[in-house]
Asks: 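There's a structure below that I have some questions on.
Just follow the structure's listing: the first ligand is 1, and inside any ligand the first atom is 1. Starting from 1, each residue takes its place in the sequence as its number.
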Amino acid sequence: MKISEKFKRKRPVLSFEIFPPKKDSALKNIDETLKILCELEPDFISVTFGAGGSANCNRTIELASKIKKEYHVEPLVHMTCLGYDRKEIDSFCAALQSEGLENILALRGDRNPQFPEKKDFPHACDLTEYLRGKGDYCIAGACYPECHPESEGKVQDIASTKRKVEAGDEFLITQLFFENEMFYSFVEDCRIAGIQAPVSAGIMPVINTAQIERMTGLCGASLPPRFRKIMERFDKNKEALFDAGMAYAVSQVIDLLANDVEGIHLYTMNNPAVARKLCEGIRNVI
Ligand code: FAD
């Protein structure tokens, strides 16, 4: 089923994000995580896509297919384009079609000196446009409440978001953020710019400080003083930090629900403990 249909029928659309484990030994964790997540009957589960090489694509498609067949939940397959040419994207599409996968998150991918960039798809909107001509897919895109780090500013960032929706993205999922006001203001800017696609709010529970440094360094999400204080206070106590990080994420979700958000997309990091705590925290409010 096309995920865009779910956005037409209900609010909020609930989704989780997982990544394909690199080692077979981590597959057990994935099953444990998926079992917990599926108890909440998510509308879809998205599966990330690594940069460079067809092995990444195979792992993503394998896991997406497992989610569909074994857990009966609609998967959203991430697909990046900067490191691939048309022929390679064609072969990903053929693999998707043979598994009956019809929902794609079309992404450019981060620049990585390890993987040479190809010329066919310089931006995510180029991939969306190409996929539109390839088959009857439901295509989604990424967006950035605090601007993409390479954007010149808000105006250019919103213009890029608009371009990908005009190219065919039917809904958007945001980069993680820790301050809901930024999300509300971003959605308002989108509407003013004439972007009507539903926007799902990306929330990541933070459970250790190394993870915060890595994530904010990569995606440019800012840390509000309230959040910083919590992290500093519990920095040395692993269990306390876990509880505090989870409570913060759950409180973000509750505020989003109170503000009638169109979608909530939870980054689970494949961690069954995170999945369990999240599910406990939102079971009665979602
Ligand atoms: P784009 O939309 O192409 O934007 C990138 C930059 O180019 C922006 O600054 C934008 O303003 C600018 N731009 C866009 N179009 C144009 C244009 N036509 N002309 C000029 N400038 C333009 N990465 C992975 O490798 N694998 C994943 O699975 C993955 N999943 C993600 C899931 C979500 C929900 C999000 C938010 C991000 C994810 N990423 C993933 C990271 C993503 O690939 C990076 O953020 C990447 O740097 C940008 O991707 P994009 O699709 O937003 O790019």
Asks: Under 3.5 Å, is there a donor-acceptor pair linking the side chains of T48 and H78?
Replies: no

Asks: Roughly how far, to the nearest 0.5 Å, is the NE2 atom of H265 from the CG atom of L105?
Replies: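 Separation between the atoms: 7.5 Å.
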
Asks: Is there a polar contact between ligand 1 and S160, counting only N or O atoms under 3.5 Å apart?
Replies: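 So ligand 1 has an N or O lying under 3.5 Å from an N or O of S160.
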
Asks: At what distance is the nearest protein heavy atom to atom 21 (N) of ligand 1, and which residue and atom is it?
Replies: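 Among all protein heavy atoms, the one nearest atom 21 (N) of ligand 1 is H123 CE1, 3.5 Å.
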
Asks: What residue and atom, counting heavy atoms only, is the protein's closest point to atom 42 (C) of ligand 1, and at what distance?
Replies: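 Heavy-atom neighbour on the protein nearest atom 42 (C) of ligand 1: Y144 OH, 3.8 Å.
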
Asks: Any salt bridge linking K6 with E262? Criterion: basic side-chain nitrogen under 4.0 Å from a carboxylate oxygen.
Replies: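 Salt bridge flag = no for E262 with K6.
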
Asks: When you compare ligand 1 with R163, is there at least one nitrogen or oxygen pair between them that comes in under 3.5 angstrom?
Replies: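 There is such a contact, yes.
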
Asks: Indicate the atoms forming the closest heavy-atom contact of S65 with E99, along with that distance.
Replies: OG-OE1, 2.5 Å

Asks: Please determine if G50 has a nitrogen or oxygen closer than 3.5 Å to a nitrogen or oxygen of ligand 1.
Replies: no

Asks: Would F242 and F234 satisfy ring pair (Phe, Tyr, Trp, His ring centres under 6.0 Å), going step by step from the backbone distance to the final call?
Replies: CA-CA 9 Å; F242 180 87; F234 300 112; over 10 Å; no

Asks: With a 4.0 Å cut-off on N to O distance, would you call K277 and D243 a salt bridge?
Replies: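 Salt bridge present between K277 and D243.
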
Asks: Verify the contact flag for atom 26 (N) of ligand 1, where contact means a protein heavy atom under 4.0 Å away.
Replies: yes

Asks: Is the closest basic N to carboxylate O distance between E39 and R283 below 4.0 Å?
Replies: yes

Asks: Does F115 come within less than 4.0 Å of ligand 1, judged by its heavy atoms?
Replies: no

Asks: Hey, which atoms in ligand 1 end up nearer than 4.0 Å to a heavy atom of T48?
Replies: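 Per the distance check, 28 (O).
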
Asks: Can you tell me if F19 contacts ligand 1 (heavy atom of the residue under 4.0 Å from the ligand)?
Replies: no

Asks: Which option out of A106, G109, A140, C219 puts a heavy atom nearest to atom 43 (O) of ligand 1?
Replies: G109

Asks: Nearest to atom 34 (C) of ligand 1, what protein heavy atom do you find, and at what distance?
Replies: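 Scanning the protein heavy atoms, the shortest distance from atom 34 (C) of ligand 1 goes to Y267 OH, 3.4 Å.
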
Asks: Return a yes/no value for T174: is any of its N or O atoms, backbone included, closer than 3.5 angstrom to an N or O of ligand 1?
Replies: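 Between T174 and ligand 1 (N or O atoms, distance only) the closest approach is not under 3.5 Å.
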
Asks: Please identify which of these residues, V73, L14, I3, meets the side-chain contact (heavy atoms from CB on, under 4.5 Å) condition with D43.
Replies: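 The residue from V73, L14, I3 that satisfies side-chain contact (heavy atoms from CB on, under 4.5 Å) with D43 turns out to be L14.
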
Asks: List every atom of ligand 1 that sits less than 4.0 Å from any heavy atom of D110, numbering the atoms from 1 in the order shown and giving each element.
Replies: 43 (O), 44 (C), 45 (O), 46 (C), 47 (O)

Asks: Which bit of S151 is near ligand 1, meaning a heavy atom under 4.0 Å away: side chain, backbone, both or neither?
Replies: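 Within the 4.0 Å criterion, S151 contacts ligand 1 through backbone and side-chain atoms alike.
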
Asks: In terms of hydrophobic clusters joined by side-chain contacts under 4.5 Å, are V206 and M246 together?
Replies: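 As far as the 4.5 Å side-chain criterion goes, M246 and V206 are connected within one cluster.
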
Asks: Please state which part of K164 comes within less than 4.0 Å of ligand 1, counting heavy atoms only: side chain, backbone, both or neither.
Replies: side chain

Asks: Tell me whether M182 shares a hydrophobic cluster with Y267, the cluster being built from Ile, Leu, Val, Met, Phe, Trp, Tyr side chains joined at under 4.5 Å.
Replies: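 No, no single cluster joins them.
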
Asks: I need the minimum non-hydrogen distance between E150 and Q156, along with the two atoms involved.
Replies: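 Minimum heavy-atom contact is O-OE1, 4.4 Å.
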
Asks: Any idea which protein heavy atom is nearest atom 53 (O) of ligand 1, and the distance to it?
Replies: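 I find the closest protein heavy atom is R108 CB, 3.2 Å.
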
Asks: Is it the case that ligand 1 has an N or O less than 3.5 angstrom from some N or O of E17?
Replies: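 Checking ligand 1 against E17, no N or O pair falls under 3.5 Å apart.
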
Asks: List every atom of ligand 1 that sits less than 4.0 Å from any heavy atom of T80, numbering the atoms from 1 in the order shown and giving each element.
Replies: 24 (C), 25 (O), 26 (N)

Asks: Check each atom of ligand 1 against the heavy atoms of I173 and keep those under 4.0 Å away; list them by number with element.
Replies: 34 (C)

Asks: Look only at interatomic distance and state if H148 has a nitrogen or oxygen under 3.5 Å from any nitrogen or oxygen of ligand 1.
Replies: yes

Asks: Of G141, C143, C147, A142, which has the heavy atom at the shortest distance from atom 35 (C) of ligand 1?
Replies: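 Checking each option, the heavy atom nearest atom 35 (C) of ligand 1 is found in A142.
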
Asks: Need the ligand 1 atom indices (1-based, order shown) with element for anything under 4.0 Å from a heavy-atom of A124.
Replies: 1 (P), 2 (O), 3 (O), 51 (O), 53 (O)

Asks: Measure up the F177 and F183 rings against each other and bin them: parallel (under 30°), tilted (30 to 60°), perpendicular (over 60°).
Replies: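 Taking F183 first and then F177, their aromatic rings lie parallel (interplane angle under 30°).
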
Asks: Does R228 CZ have over 12 foreign heavy atoms under 6.0 Å away?
Replies: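 For R228, atom CZ is not crowded (no more than 12 foreign heavy atoms under 6.0 Å).
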
Asks: Where do A124 and R108 come nearest, in terms of heavy atoms and distance?
Replies: CB-N, 3.6 Å

Asks: Just going by heavy-atom distances, which of L107, L105, L76, D157 is nearest to atom 40 (C) of ligand 1?
Replies: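 Among L107, L105, L76, D157, the closest heavy atom to atom 40 (C) of ligand 1 belongs to L107.
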
Asks: Can you find an N or O of H78 that's nearer than 3.5 Å to an N or O of ligand 1?
Replies: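 N/O-N/O distance under 3.5 Å: yes.
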
Asks: Taking only non-hydrogen atoms of C125, do any sit less than 4.0 angstrom from ligand 1?
Replies: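 True for this residue.
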
Asks: Which heavy atom of V261 sits nearest a heavy atom of L257, and at what distance?
Replies: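 Heavy atoms of V261 and L257 come nearest at CG1-N, 4.2 Å.
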
Asks: Under a heavy-atom criterion of less than 4.0 Å, does T161 contact ligand 1?
Replies: no

